[in-house]
Amino acid sequence: MLETITNVAEILLLVFGLMFITMGVGQYGWRTADWGGVVKMFYQRICMNTSEYKWYRLGVSSFVFGVIVRIVNLTIWPV
């Protein structure tokens with residue numbers, strides 16, 4: 001039962017993390033119409049407003065937490 005719960009939590013955290021990152025990046029792209037800046041944001045700082053940054057930060061933290069759950073899941077229940 002716990003294995004199923006962690007599998008579902010892992011998938012949900014990873015999917016929601018990617019969706020939130022996409023929302024933050026999309027908001028930045030629509031606001032500035034600088035879609036090249038979207039690619040630039042992964043290696044250089046760009047000017048995001050508060051709302052965009054909140055979505056981006058929430059997405060990254062959800063994604064990282066999903067990866068941690070995945071590692072724990074594989075540690076406790078190896079395939």
Open item on the list: My understanding is that only one of Leu13, Ile68, Leu18, Val15 makes a side chain to side chain contact (heavy atoms under 4.5 Å, CB included) with Phe63; could you say which?
Closed with: Leu18

Between [X] and [Y], is there a shared hydrophobic cluster once you connect ILVMFWY residues whose side-chain heavy atoms come closer than 4.5 Å?
X     : Y     : value
Tyr53 : Ile21 : yes
Phe16 : Val64 : no
Val60 : Ile71 : no
Val8  : Ile5  : no

[atom2] on [Y] to [atom1] on [X], rounded to 0.5 Å:
X     : Y     : atom1 : atom2 : result
Asp34 : Tyr28 : CG    : OH    : 4.5 Å
Met19 : Leu12 : CE    : CG    : 9.5 Å
Trp77 : Thr75 : CH2   : OG1   : 10.5 Å
Phe65 : Arg70 : CZ    : CZ    : 15.0 Å

Task: Steps toward side-chain contact (heavy atoms from CB on, under 4.5 Å) verdict (Val67, Leu14) - done: CA-CA 7 Å; Val67 170; Leu14 291 174; 4.0 Å; yes

Open item on the list: Strictly by side chain to side chain donor-acceptor pair (under 3.5 Å), give each pair with a member in residues 54-64 just once, sequence neighbours left out.
Closed with: none

Which pair of heavy atoms, one from [X] and one from [Y], lies closest together, and at what distance?
X     : Y     : result
Ser51 : Gln27 : OG-OE1, 3.4 Å
Val25 : Trp35 : O-CZ3, 4.4 Å
Thr6  : Asn73 : OG1-OD1, 3.3 Å
Glu52 : Arg31 : OE2-NE, 2.7 Å

